[in-house]
Trainee: 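Have a look at this one before I ask anything.
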Amino acid sequence: MPPVTSDAQGKGTPRRDQAEKARRGGSRALAREAHTRDREPRGAPGGRATMCELYSKQDTLELRRKHIGPSCKVFFAADPIKIVRAQRQYMFDERGERYLDCINNVAHVGHCHPEVVKAAVKQMELLNTNSRFLHDNMVEYARRLVATLPEKLSVCYFTNSGSEANDLALRLARQFRDHQDVITLDHAYHGHLSSLIEISPYKFRKGKDVKKAFVHVAPTPDTYRGKYREDHADPASAYADEVKEIIKEAHSNGRKIAAFIAESMQSCGGQIIPPAGYFQKVAEYVHRAGGVFIADEVQVGFGRVGKHFWSFQMHGEDFVPDIVTMGKPMGNGHPMACVVTTKEIAEAFSSSGMEYFNTYGGNPVSSAVGLAVLNIIENEDLQGNAVRVGDYLTELLNKQKAKHTLIGEIRGIGLFIGIDLVKDRQKRTPATEEAQHIIYKMKEKRVLLSADGPHRNVLKIKPPMCFTEEDAKFMVDQLDEILTVLEEGIGAQSESVISENAPCRAKMPNEALSREWLDDGTLDPRENPSRKRNGLCTDKHSLLSKKLKT
């Protein structure tokens, strides 16, 4: 399969001389001599781009199927996008088509930010080495990082991924008091290591995984779809009391709590923001039990909420976690992560006698990249941008909620927003198939979104922090068009109803039911019984499937 170069028309056809080289020297020789050509992709925001393909899209897919583990899934699996270049909040495919990226909380300050690239290259030209050598970049970055946190959070452990950070956080917590048990939230996801899959109900395979005895699952503090809703007098206390009861039961069984762990805002669980006061009460109960509070900021930290640098800070100054983990946005795509904790917990960890060693954690290049990201957040006022654009986007979406019955709730803060789609606003029935249909239709309109939550019915908006009001307006306009057509398709058939006593399964178009995989390799929603349609259905849903194909 020879290399392919994107030409001005976006076609990927190997040149005749390349084909001849392929016959003579094979693909390895071609890979060395892959032709590149400067071109201006349609809609590219300034400058010319050098884009190179080693293979056609189909060949890339075939090689992926052959050599990449089948559990490693891609976005839009029914029709994946081949991305060859990115800039700020835009991504470009092999044909030069521009996509508005509303997914990448990894490219935090913008794809390929020149200051990040410059910092990485400059340091790489000088030195990159084992983190056991003394180097100013690590300590300078640690100093800058802890300056953004409450005073007691002052000791850093650098890692390479959020999963590594959360695994280390568990080790710190368990060593602190020599307790073992962990309280986690339902639908939580904290990473792909074995230790984290065990505490991530989001990854539990229904009917196959047996929850470990040391794992305790508390209800997600979701006031829209959860056990205690917005009409409850005090949902924060009610949800916190669930944790209190878990601790009580654990103690009655002779178990001891090491930690409570939660994302400051639950992402994979459906963009859930805990009610005010919840974390304070939980921390009180956990501390009383001899445990620590771990705030997972891997997806939601570094100013995404706008008004605060860390998402946990929006819960008030009287709440300070004992351990904070961070990752994804930290290096703007460069693999770096960190655990920050108190001096007391760090000393307890050290007293075990076991050395903590991470070859690459905090290396000179990673630290240089991290410093560049911190500088950009400040110099470009990306927190202010998150407030302004986030507020504007939320306002636009609430207008769409008033217009479209498929929108049950808009929730979020800053550039972390969820759109909870429902079939019925009163019953709050998750609109799972509709959500999958929408993200594929949005892709056709060159807007990249994902769907998540327990029922995969929540549209997630977590773009690079350089997202603009113009981007927000464009995204919402496309969504409005898709929802209008979708609801017309439903409404046109609402009069014709099959007997409500006849069970049936709604047949949605292939693209709507195709596997939608998230960045963490989430299981196929069709393989999770919790996502299957419950109860009976009417022919408006089955007829909708025909309408959606248009």
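All values below were derived from every heavy atom in this structure, side-chain atoms included, with hydrogens, water molecules and symmetry-related copies excluded.
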Trainee: Between Glu242 and Tyr228, is a side-chain contact (heavy atoms from CB on, under 4.5 Å) present by the stated rule, with each step listed?
Mentor: CA-CA 11 Å; Glu242 295 278 345; Tyr228 308 107; 2.6 Å; yes

Trainee: Indicate yes or no for a side-chain donor-acceptor contact from Gln266 to the backbone of Ala262 under 3.5 Å, with no hydrogens or angles considered.
Mentor: no

Trainee: Just so I know, are the side chains of Tyr90 and Asp101 near enough to count as touching, which here means a heavy-atom distance under 4.5 Å?
Mentor: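 Heavy-atom side-chain distance check fails, nothing below 4.5 Å.
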
Trainee: Less than 4.5 Å apart, side chain to side chain, heavy atoms only: is that true for His216 and Glu249?
Mentor: no

Trainee: Ignoring hydrogens, what is the shortest heavy-atom contact between Gly301 and Pro329? Give both atom names and the distance.
Mentor: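 Between these two residues, the closest heavy atoms are O-CG, 4.2 Å.
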
Trainee: So does Arg428 pair up with Glu230, basic N to acidic O under 4.0 Å?
Mentor: yes

Trainee: Could you give me the CA-CA distance, side-chain angles and deciding distance for Val422 and Thr405, then say whether side-chain contact (heavy atoms from CB on, under 4.5 Å) is met?
Mentor: CA-CA 8 Å; Val422 297; Thr405 58; over 6 Å; no

Trainee: So, Glu263 side chain and Ser267 main chain: donor-acceptor pair closer than 3.5 Å or not?
Mentor: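 Yes; judged by distance alone, with no hydrogens or angles, the pair exists.
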
Trainee: Please list, chain by chain and in numerical order, all residues satisfying side-chain contact (heavy atoms from CB on, under 4.5 Å) with Lys401, sequence neighbours excluded.
Mentor: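 So Lys401 forms a side-chain contact (heavy atoms from CB on, under 4.5 Å) with Asn398, Ile407, Ile410, Arg425.
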
Trainee: Is it the case that the side chain of Asp391 and the backbone of Gly414 share a donor-acceptor pair, with hydrogens and angles ignored and the cut-off at 3.5 Å?
Mentor: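 No; zero donor-acceptor contacts below 3.5 Å.
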
Trainee: Under the 3.5 angstrom rule, does the side chain of Ser200 hit a backbone N or O of His190 as a donor-acceptor pair?
Mentor: yes

Trainee: Please tell me if the side chains of His108 and Lys462 come closer than 4.5 Å, counting only heavy atoms from C-beta onward.
Mentor: no

Trainee: Quick one: are Val74 and Pro80 in side-chain contact, heavy atoms under 4.5 Å?
Mentor: yes

Trainee: Are the side chain of His232 and the backbone N or O of Asp234 linked by a donor-acceptor pair below 3.5 Å?
Mentor: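 Between the backbone of Asp234 and the side chain of His232 there is a qualifying donor-acceptor contact (under 3.5 Å).
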
Trainee: Within the distance-only criterion (no hydrogens, no angle test), does the side chain of Arg304 pair as donor or acceptor with the backbone N or O of Leu415 below 3.5 angstrom?
Mentor: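 Pair found, side chain donor or acceptor close to backbone of Leu415.
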
Trainee: Are Met465 and Val109 packed together at the side-chain level, in the sense that at least one heavy-atom pair is separated by less than 4.5 angstrom?
Mentor: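 No, side chains not in contact.
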
Trainee: Considering only residues two or more places apart or on different chains, which pairs with a residue in residues 467-476 satisfy salt bridge (charged side-chain N to carboxylate O under 4.0 Å, His left out)?
Mentor: Lys473-Asp477

Trainee: Please name the residue in the list Ile183, Asn166, Leu196 that meets the side-chain contact (heavy atoms from CB on, under 4.5 Å) test with Ile261.
Mentor: Asn166

Trainee: How close do Pro274 and Ser264 get, heavy atom to heavy atom, and via which atoms?
Mentor: CD-O, 3.5 Å

Trainee: What residue among Glu94, Lys82, Glu53 forms side chain to side chain donor-acceptor pair (under 3.5 Å) with Thr60?
Mentor: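 The passing option is Lys82.
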
Trainee: For the pair Lys57 and Asp93, evaluate salt bridge (charged side-chain N to carboxylate O under 4.0 Å, His left out) and give the outcome as yes or no after the intermediate values.
Mentor: CA-CA 10 Å; Lys57 179 178 177 178; Asp93 68 14; over 6 Å; no

Trainee: Which heavy atom of Met475 sits nearest to which heavy atom of Ile461, and what is that distance?
Mentor: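 Taking Met475 first and Ile461 second, the nearest heavy atoms are CE-CD1, 3.7 Å.
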
Trainee: Which pair of heavy atoms, one from Gly331 and one from Val373, lies closest together, and at what distance?
Mentor: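 Here Gly331 and Val373 meet closest at C-CG2, 4.1 Å.
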
Trainee: For the CZ atom of Arg388 and the OG1 atom of Thr468, what is their distance to the nearest 0.5 Å?
Mentor: 11.5 Å

Trainee: Are Val243 and Tyr239 side-chain neighbours, meaning at least one heavy-atom pair lies under 4.5 Å?
Mentor: no

Trainee: Answer whether the closest heavy-atom distance between the side chains of His111 and Gln89 falls below 4.5 Å.
Mentor: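 The answer is no, as the side chains (C-beta and beyond) never meet within the 4.5 Å cut-off.
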
Trainee: For Gly277 versus Ala236, what's the shortest heavy-atom pair and its separation?
Mentor: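 Closest approach of Gly277 to Ala236: C-CB, 4.0 Å.
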
Trainee: Is Glu481 atom CD crowded by more than 12 heavy atoms from other residues, nucleotides or ligands, each under 6.0 Å away?
Mentor: yes

Trainee: Using modelled atom types only, decide if a donor and an acceptor are shared between the side chain of Lys443 and the backbone of Asp79 within a distance under 3.5 Å.
Mentor: yes

Trainee: Does NZ belonging to Lys244 count more than 12 external heavy atoms closer than 6.0 Å?
Mentor: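 Counting neighbours around NZ of Lys244, 12 or fewer heavy atoms of other residues, nucleotides or ligands fall under 6.0 Å, so no.
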
Trainee: Who are the side-chain hydrogen bond (donor to acceptor under 3.5 Å, both in side chains) partners of Arg411, not counting sequence neighbours?
Mentor: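 For Arg411 the side-chain hydrogen bond (donor to acceptor under 3.5 Å, both in side chains) partners, ignoring immediate neighbours, are Glu409, Asp420.
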
Trainee: Under 4.0 Å between a side-chain nitrogen and a carboxylate oxygen: does that hold for Lys227 and Asp222?
Mentor: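 Salt bridge absent between Lys227 and Asp222.
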
Trainee: Look only at the side chain of Arg85 and the backbone of Gly96, and say whether a donor-acceptor pair between them is shorter than 3.5 Å.
Mentor: no

Trainee: I'd like to know whether the aromatic ring centres of His315 and Phe279 sit less than 6.0 Å apart in this structure.
Mentor: yes

Trainee: I would like to know whether Lys328 and Glu297 meet side-chain contact (heavy atoms from CB on, under 4.5 Å); could you show each step before the answer?
Mentor: CA-CA 9 Å; Lys328 293 181 187 295; Glu297 294 265 341; over 6 Å; no

Trainee: Return the orientation label for the Tyr202 and Tyr189 ring planes: parallel under 30°, perpendicular over 60°, tilted otherwise.
Mentor: tilted

Trainee: Please confirm whether the ring centroid of Tyr99 lies under 6.0 Å from the ring centroid of Phe92.
Mentor: no

Trainee: Just by distance, no angles: are the side chains of Thr429 and Asp424 close enough, under 3.5 Å, to form a donor-acceptor pair?
Mentor: no

Trainee: Walk me through whether Asp186 and Thr220 qualify under side chain to side chain donor-acceptor pair (under 3.5 Å).
Mentor: CA-CA 5 Å; Asp186 202 7; Thr220 301; 5.2 Å; no

Trainee: Just how far is it from atom CD1 of Ile83 to atom CE of Met91, taken to the nearest 0.5 Å?
Mentor: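 Output value for this atom pair is 4.5 Å.
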
Trainee: Return yes if some donor-acceptor pair links the side-chain N/O of Arg446 with the main-chain N/O of Glu444 below 3.5 Å, else return no.
Mentor: yes

Trainee: Begin with the C-alpha distance, continue with both residues' side-chain angles, and end with the deciding distance and a verdict on side chain to side chain donor-acceptor pair (under 3.5 Å) for Ser195 and Asp167.
Mentor: CA-CA 7 Å; Ser195 63; Asp167 176 75; 2.5 Å; yes

Trainee: How far apart are the closest heavy atoms of Thr325 and Ala165, and which atoms are they?
Mentor: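 Answer, listing the atom of Thr325 first, then Ala165: CG2-O, 3.7 Å.
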
Trainee: Take the angle between the ring planes of Phe76 and Tyr440 and call it parallel below 30°, perpendicular above 60°, tilted in between.
Mentor: perpendicular

Trainee: Going through the checks in order, is the salt bridge (charged side-chain N to carboxylate O under 4.0 Å, His left out) test met by Asp480 and Lys399?
Mentor: CA-CA 10 Å; Asp480 180 25; Lys399 290 179 180 177; over 6 Å; no

Trainee: Taking it one step at a time, do Leu100 and Phe467 satisfy side-chain contact (heavy atoms from CB on, under 4.5 Å)?
Mentor: CA-CA 9 Å; Leu100 177 61; Phe467 205 69; 3.8 Å; yes

Trainee: Could you tell me the separation between the CG atom of Leu448 and the CE atom of Met442, rounded to the nearest 0.5 Å?
Mentor: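 If I round to the nearest 0.5 Å, the distance is 9.0 Å.
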
Trainee: Under the side chain to side chain donor-acceptor pair (under 3.5 Å) criterion, do His67 and Glu62 qualify, and how do the steps go?
Mentor: CA-CA 9 Å; His67 297 300; Glu62 289 178 8; over 6 Å; no

Trainee: Judged by atom type as modelled, is there a donor-acceptor pair below 3.5 Å linking the side chain of Ser450 to the main-chain atoms of Ile103?
Mentor: no

Trainee: Just verifying a value: how many Å separate Ser311 OG and Ile413 CD1, rounded to the nearest 0.5 Å?
Mentor: 8.0 Å

Trainee: Hey, is Arg229 close enough to Asp231 for a salt bridge, meaning N to O under 4.0 Å?
Mentor: no

Trainee: Are the side chains of Ile419 and Leu479 in contact, using a 4.5 Å heavy-atom criterion?
Mentor: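 Sidechains of Ile419 and Leu479: in contact.
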
